[in-house]
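Notes follow the structure.
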Protein chains: 4
Amino acid sequence: MARSRNVAPLDRFSAFSDGVFAIAITILVLELPVPLGAPHLGRTLLEEWPDFLGYFISFAYIGGVWVEHAWLTRLMKAADAASYAMNLLLLLSVALLPFSTRLMVGYLNEPQVGLAVLIYGLTVLLASTTLSFLMMYVAAEPSLVLDEVSDSELRAIYPQRWVSIGVNAAALGLAFIAPYVAVALYLLQTLLLLIGPLSGFRLRRRSTAGTRQP
Amino acid sequence: MARSRNVAPLDRFSAFSDGVFAIAITILVLELPVPLGAPHLGRTLLEEWPDFLGYFISFAYIGGVWVEHAWLTRLMKAADAASYAMNLLLLLSVALLPFSTRLMVGYLNEPQVGLAVLIYGLTVLLASTTLSFLMMYVAAEPSLVLDEVSDSELRAIYPQRWVSIGVNAAALGLAFIAPYVAVALYLLQTLLLLIGPLSGFRLRRRSTAGTRQP
Amino acid sequence: MARSRNVAPLDRFSAFSDGVFAIAITILVLELPVPLGAPHLGRTLLEEWPDFLGYFISFAYIGGVWVEHAWLTRLMKAADAASYAMNLLLLLSVALLPFSTRLMVGYLNEPQVGLAVLIYGLTVLLASTTLSFLMMYVAAEPSLVLDEVSDSELRAIYPQRWVSIGVNAAALGLAFIAPYVAVALYLLQTLLLLIGPLSGFRLRRRSTAGTRQP
Amino acid sequence: MARSRNVAPLDRFSAFSDGVFAIAITILVLELPVPLGAPHLGRTLLEEWPDFLGYFISFAYIGGVWVEHAWLTRLMKAADAASYAMNLLLLLSVALLPFSTRLMVGYLNEPQVGLAVLIYGLTVLLASTTLSFLMMYVAAEPSLVLDEVSDSELRAIYPQRWVSIGVNAAALGLAFIAPYVAVALYLLQTLLLLIGPLSGFRLRRRSTAGTRQP
């Protein structure tokens, strides 16, 4: 069987991406300043609210991108050279988030907040766009998609991703004019990413009568 | 076959979680201060005992949570959107532990020790609660559990997890009144996590007579 | 069945390598300085261009090495002790890249730029050479290669890898004489690594008529 | 089928360990000081030789432990609670190596070198001992070992591991009396770990005549 350079292994595509997502999301904590020797620890921590806000927004955002990525690879049977390269661009922008998060939160109380939020927004827009392009490329490439995936599911990707690009482009436009509104929009987006799925969460007692018998 | 958005891949659920657990547990070491140029190296290291205590407690605690997580996924056949989101909240609190560990150990010899231990306790309680909720949710969701898992095993999860939440809530209550007792409780908990399983450990010589023939 | 020490598991070979590649590529961001409290944020960031250039070159270079590594393991059915050891030397040089990148960018505007670029070039040449040796060793070792891989594909590895070693040796020779030309060559190499595969990237609309029916 | 708490998944045992090994080995680079703005870059780097020596020794040592770990799991069909706990102790000592490496190299030119090498040696001895105990425990536990593994291979583990413990205990004894001899012993051990397997490495040209036909 001829092996074309164009068909690349999916398991390492997933494993490497999982690694980069996991590291980027976990080293966010290294940017949280630990106030050692503060005479008023409580007040000092409260004054650090931009750091905690940035930690939460970026953690939830990377988590949300990872969920989409995991959902995408579930539909795939292989990767190819173009999807590998687009995926690297996605990972490059995700790996930049600890940097641009720290920049944004460092200027939230400063006059230059507009530019700092703009740079954060550019990183998020880059991540959103490369993820969207990756998903659309895969959806249109029959050699990469499992046979049992329905056409309707693949077509549903397009409007969803253009909405995501649109929202992040709008937030970017707001960044310079009304940076705090843009930050609120990023917070709202990540809350929806987390709370949306949690709406299906229920703490039920496992019934003692055998519920699993048919 | 229709693929519902609600059924998500379990392999990436495990791989991403393994990544975050592994990174959080390994970057704890970056918080250990290396005393360069100390005239009395031995004494300086002994004075750093809170750092080593914090390293050990948090390493063992994250290790313990990881063991429970690995034990949980062993029972699962799939994940869904709600378990993905609850898992992200668990990982968020685990990823915060390097921060709150450093905060706690930085104030163990300071008057503000109560607040620092309280914040550490909150992170641990958040991790314990989200892990417990994740386990209970999965146990009550037949579509996520392997068919061969017995009902009795799943029901046993509930009392165990409420005990864990209760112990960590009690430690939190102690944090402000008697912070050192709370720290001792955290140390005890992690020692039990490690020594409990090690009680089954034995160094036996492999017998030369064929022990494995039936 | 006798298990020779010489046949080692391929899954952990891949998983460990994925881990080191993912961490090395992601901690590059920790070397990007965040200019806190800068009165002219925009100008300060523009003056940091060597840092961003270094981030991009090293990210793309590690990404490119990872793609080659994933492509290699796709041809393999097992690893052995020699390939494990050569792989460790490859990972050692990749793990050094965050250090030598920071060194190179820190001296791009300094008189000692030649030596700094030379050290960066040595790291890259070491990575390129160990990767090439690993690939050539595997290609010549029938016990490690899947039976269905064609001889022509394996033989094609040799000229490709010698070209890669040659280009990186040439860049190293240039480093001392004309360091900026060497840096431009590294940038060109990484752009080709990313843009080459992206030339196959197309954003197509998924046609509404069933394109996947035969 | 009853699922005993004592039988734990092997895939996550491996994946989590791979993660910790990969992170510990890769963050060693964060301890290498980048001499920015040095007037004599070459001389400054040469004066940093203890850092590079420490980087190399610890990289090769962690790599060597990882190879043994991968070789061990190749023989296993399952893990249990005791092997999970012993593995956590192994990972704890491996994760400490970036700290004790930095301590050792920071005092190589200082009068307190003995104590610093002693602490490094303790970490290495702890890693060697927990790895050995893990391997011996697994070898004596038929429920964890694949049926096709021969008794002779399992029995061969015992003398090998006692030699490893003995060498590292001897190096520890030397640390205080003759610290540089102990460091030389660690360097020798890691060189053997890498060069031993590389002795099987050969750069052969793939013959054009079909070598793989029987």
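When reading the values below, keep in mind they use all heavy atoms of this one structure, side chains included, and skip hydrogens, waters and symmetry mates. Proteins come first, then strands; the chains are lettered A, B, ... in the order of their sequence lines, and each starts at number 1.
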- What is the minimum heavy-atom distance between C:A85 and D:L194, and which atoms define it? CB-O, 3.7 Å
- Note on the structure: Here the gap from D:T44 atom OG1 to C:Q112 atom CD, rounded to the nearest 0.5 Å, amounts to 7.5 Å
- Separation of C:F133 CZ from D:L198 CG (nearest 0.5 Å): 11.0 Å
- Message: Report which part of C:A22 has an atom under 4.5 Å of a heavy atom belonging to chain D: side chain, backbone, both, or neither.
- Response: neither
- Message: Any non-hydrogen side-chain atom of C:V20 less than 4.5 Å from a side-chain atom of D:F21?
- Response: no
- Note on the structure: Closest non-hydrogen contact found for C:R12 with D:S17 is NH2-CB, 4.2 Å
- Pairwise distance CG(C:L88) to CG(D:L193) - rounded to 0.5 angstrom: 9.5 Å
- Side chain, backbone, both or neither of C:L97 within contact of chain D (heavy atoms, under 4.5 Å): neither
- Residue among C:Y107, C:F13, C:Y137 with most heavy-atom pairs under 4.5 Å to chain D: C:Y107
- Query: How are the rings of D:F52 and C:F99 set relative to one another: parallel (under 30°), tilted (30 to 60°) or perpendicular (over 60°)?
  - Reply: perpendicular
- Query: With a 4.5 Å limit on heavy-atom distance, are the side chains of C:I27 and D:L30 in contact?
  - Reply: yes
- Separation between CG of C:L96 and OH of D:Y55, rounded to the nearest 0.5 Å: 3.5 Å
- Task: Indicate the atoms forming the closest heavy-atom contact of D:F59 with C:A95, along with that distance.
- Result: CE1-CB, 4.0 Å
- Query: Hey, what do you get for CG (D:D18) to CG (C:D18), rounding to the nearest 0.5 Å?
  - Reply: 9.5 Å
- Can you check whether C:D11 reaches D:D11 side chain to side chain, under 4.5 Å on heavy atoms? no
- Part of D:A60 lying under 4.5 Å from any heavy atom of chain C: neither
- Query: Based on non-hydrogen pairs under 4.5 Å, which of D:L45, D:T73, D:V29 is most in contact with chain C?
  - Reply: D:V29
- Task: Please determine, among D:G63, D:G42, D:A38, the option with the most heavy-atom pairs under 4.5 Å with chain C.
- Result: D:A38
- Task: Measure D:P35 against the heavy atoms of chain C and call it side chain, backbone, both or neither at under 4.5 Å.
- Result: both
- Query: At their closest point, which heavy atom of C:P9 faces which heavy atom of D:A70, and how far apart are they?
  - Reply: CG-O, 3.6 Å
